[in-house]
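What follows is a short report on a single structure.
All of these numbers come straight from a predicted model, not from anything done at the bench. Just so it is clear: chains get the letters A, B, ... in the order the sequence lines come, proteins before strands, and each one is counted from 1.
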Protein chains: 2
Amino acid sequence: MKTPTGDQALIKRMNTAIVLESVLQGAPLSRADISALTGLNKATVSSLVQDLIDSGLVREIGTGQSSGGRKPVLLEFVAESGYAVGVDLGVNYVRGVLTDLRGGVAVERTARLAKTSPDEVFGILRPFIQSLVDEAPESAFGVVGIGVGVPGLVDRGGAVLYAPNLGWRDVPLQDALNRAFGIPVLIDNEANVGAIGERKFGSGRGIGSMIYVSVGMGIGTGLILQKELYKGAAGFSGELGHLSIEASGPPCRCGNRGCWELYASEQALLARAAEAGIGEGTLDSLLALAEGGDEQARALFAGIGESLGVGVANIVNVFNPEAVVIGNTMSRARPWLEEAMSRTTEARALNFHLRGIRLLFAELGDRSAVMGAAETAIAAFFKRLRSA
Amino acid sequence: MKTPTGDQALIKRMNTAIVLESVLQGAPLSRADISALTGLNKATVSSLVQDLIDSGLVREIGTGQSSGGRKPVLLEFVAESGYAVGVDLGVNYVRGVLTDLRGGVAVERTARLAKTSPDEVFGILRPFIQSLVDEAPESAFGVVGIGVGVPGLVDRGGAVLYAPNLGWRDVPLQDALNRAFGIPVLIDNEANVGAIGERKFGSGRGIGSMIYVSVGMGIGTGLILQKELYKGAAGFSGELGHLSIEASGPPCRCGNRGCWELYASEQALLARAAEAGIGEGTLDSLLALAEGGDEQARALFAGIGESLGVGVANIVNVFNPEAVVIGNTMSRARPWLEEAMSRTTEARALNFHLRGIRLLFAELGDRSAVMGAAETAIAAFFKRLRSA
DNA sequence: CTTAGTTTGTCTATTGGCTAAACTAAGTTT
DNA sequence: AAACTTAGTTTAGCCAATAGACAAACTAAG
């Protein structure tokens with residue numbers, strides 16, 4: 001029964017959060033606007049706004065237009081009152097951003113990753129992150145957190161349990177980075193942070209339930225249900241790449257058979273291309289061929305599109321989401337995939353579930369994950385604010 | 001921005017709910033116990049308990065054992081301060097219960113349903129429910145609500161959009177019952193209320209994330225994620241029966257191919273039995289055969305078990321739940337299904353996700369849905385209490 | 001250029017829920 | 001019987017939100 005009980009401090013925290021939220025959403029706006037918008041009394045708003053100004057999160061930016069009386073004093077959120085670092089750790093690259101608290105990118109940087117052992121990666125990651133932290137301008141809250149997306153299974157404590165493409169098992173990355181920087185660090189799966197990135201900054205802005213499908217060498221998914229990232233009982237869920245779509249299909253390395261990613265990933269595409277003897281074993285070469293009008297290449301992409309559609313239809317039936325967003329490298333093949341994918345999805349999913357659904361592609365391209373990682377850190381900062 | 005703002009009344013509602021919850025969970029217990037349990041001040045608890053006693057929800061039941069000082073006055077929840085009606089509307093039956101606010105069954109009743117047109121069903125349903133309402137003893141809150149589970153797609157407004165087995169389309173059942181009884185009515189899918197029933201009263205007691213799989217003529221599912229029933233964007237989700245497990249399998253009436261329910265439902269079992277020429281076209285006859293040692297029948301059940309396992313493995317990979325509960329008629333075949341199902345699930349699901357998972361069968365048998373329907377009404381009553 | 005009317009934002013007194021601490025009640029232990 | 005314990009109530013005070021009065025700053029009509 002360790003439910004937090006209600007006291008006056010709770011009320012103040014709640015209302016402060018409401019005020020801050022309205023400034024974040026609706027800036028520039030006046031105290032009177034906030035009062036009208038939230039239903040809070042003018043005096044209450046005044047008092048809470050003063051606290052926010054004192055803490056450096058909000059500032060006055062001069063007066064606005066009068067509507068027949070005293071001019072309002074406009075307020076805005078001080079995005080530069082703090083900064084966050086987002087990191088996308090790939091199999092052969094590291095991408096990082098330094099953003100302000102609104103997600104505005106101050107610095108962006110990429111490095112190659114030659115070796116992938118935990119120690120070697122950490123050797124590169126540490127100075128990489130340090131340089132981003134060092135570049136943060138002076139601010140009220142400093143660097144409030146570091147978010148990291150990794151291509152693997154991450155537990156609730158931020159340990160990488162299993163990352164086959166990096167060859168990692170049980171790497172306590174969050175602890176290590178926490179110790180190294182003394183700043184809150186949050187590690188999550190690449191698809192999960194990608195989902196957060198697309199929902200906050202990309203094609204899923206404002207959507208309540210959205211499934212992000214990261215189609216790269218494999219398929220990972222991030223589930224946003226009722227506006228929140230859904231994690232399973234143990235903290236990892238959404239391994240939709242290993243949803244079996246052919247129960248009697250070929251075995252997958254995961255132990256199951258006929259997994260979706262065997263049919264619809266970049267790896268599947270490259271395998272089929274190799275069989276057909278076209279391309280040079282890279283997505284780029286096949287994209288170039290398709291672009292150039294090569295029918296065989298286009299047919300290959302259309303086939304992947306159909307396989308994607310089979311899985312997306314399953315997703316639609318299971319989750320009845322508002323949107324499905326296709327991201328990661330395969331999103332670049334949109335022109336050659338989209339029609340086949342939509343057609344297959346529409347043919348296979350339940351009619352009622354298709355009403356109003358949106359099949360989208362990632363707007364942030366290969367930056368979904370970095371931006372989502374930064375947003376993870378920002379969101380955690382706001383959550384700390386709210387509860388203290 | 002119509003977030004409810006915080007004021008003192010909110011605090012009181014929250015703390016009252018906390019106190020009531022602890023009485024519900026831990027009765028019998030004293031005011032002092034509640035104070036220790038919740039962290040609320042003794043004075044606060046005394047005051048809130050008095051309000052609850054005044055409203056009739058809680059009562060004193062004499063003194064308990066002293067532990068070296070004044071004897072505590074023990075409190076308990078007054079389950080009979082209100083009643084709820086739960087209804088399970090099947091294709092050829094209606095089952096109903098009248099329960100107290102703790103879910104204790106006061107009256108249980110079943111009727112056959114010969115015709116299934118909306119009008120005819122309503123003609124039977126109305127007096128059926130009325131008789132349950134009439135039997136409710138005098139109480140502080142009276143009959144607080146009516147919950148109904150139906151075999152079909154239900155929208156957020158309680159209209160039955162599509163119930164193929166009843167031949168219904170767009171039947172505004174909730175409105176109709178609401179008008180007829182003037183009591184809050186909640187309609188939901190049979191699998192959803194079944195999930196609620198098993199989680200509250202059955203094998204899923206206290207589990208945070210649980211997937212209930214209702215295996216009858218078809219397969220329906222109820223998703224309980226983070227302690228709450230998950231509904232999709234449009235209010236219907238969890239059509240896992242139409243999750244395709246063989247992308248190139250036979251077409252399903254839903255438009256997709258190779259749907260799970262084509263392989264693992266009662267209908268699938270009966271079809272295979274007919275092919276093999278055993279049984280009499282009923283589940284009962286096949287159960288009798290299996291019971292009697294018929295190897296062919298047992299093999300048939302084992303086959304269904306495997307097919308169930310394929311889908312359950314998908315569920316485990318997608319949701320990483322704490323438990324999967326198999327319910328509805330097919331749960332009676334547990335002895336002949338369980339081993340094959342568990343084996344298949346374990347072979348196919350991701351290792352990390354299997355840790356600590358529980359594969360259960362419905363404890364309430366064919367009463368999961370009625371009890372869940374009643375619980376839906378009870379939960380709505382408590383929710384109303386909390387917000388007013 | 002008054003003067004009335006509006007709008008913004010602050011100040012003030014009040015309300016109401018929670019709390020610590022004092023207190024009463026009713027037991028047990030030595 | 002005195003000393004200690006525990007249960008529950010009473011009391012005084014705190015604090016956040018609020019309604020309403022008010023001051024400040026503006027517009028617009030006469």
List the steps, then state whether side-chain contact (heavy atoms from CB on, under 4.5 Å) holds for A:Leu101 with A:Phe381.
CA-CA 9 Å; A:Leu101 291 183; A:Phe381 168 68; 3.6 Å; yes

Nearest of D:dG8, C:dG9, C:dC18 to any side-chain atom of A:Arg31?
C:dG9

What do the steps show when you test A:Glu375 against A:Ile378 for side-chain contact (heavy atoms from CB on, under 4.5 Å), and what is the final call?
CA-CA 5 Å; A:Glu375 168 60 18; A:Ile378 295 170; 4.1 Å; yes

State the CG-OG1 distance between B:Asp33 and B:Thr38, to the nearest 0.5 angstrom.
10.5 Å

Touch check for B:Thr44, heavy atoms < 4.0 angstrom, all strands: base, sugar-phosphate only, or nothing?
base

Please determine if a side-chain N or O atom of B:Asn15 lies less than 4.0 Å away from the OP1 or OP2 oxygen of C:dC18.
yes

By the 4.0 Å heavy-atom rule, please label B:Val45 as base, sugar-phosphate, or nothing.
nothing

Classify the ring geometry between A:Phe319 and B:Phe319 as parallel (under 30°), tilted (30 to 60°) or perpendicular (over 60°).
tilted

Residues from residues 46-55 of chain B lying under 4.0 Å of DNA chain D - heavy atoms:
B:Ser46

Pairing of DNA chain D as dot-bracket, 5' to 3': ( ) intra-strand, [ ] crossing, | other strand, . unpaired, with Watson-Crick or G-U pairs under 3.5 Å?
||||||||||||||||||||||||||||||

Can you give one letter per nucleotide of nucleotides 19-30 of chain D, going 5' to 3': B for a protein heavy atom under 4.0 Å from the base, S for sugar-phosphate only, - for none?
B----BBBS---

Touch class at under 4.0 angstrom, heavy-atom based, for B:Ser35 against every strand present
nothing

Report yes or no: do A:Ser203 and A:Glu198 form a side-chain donor-acceptor pair below 3.5 Å?
yes

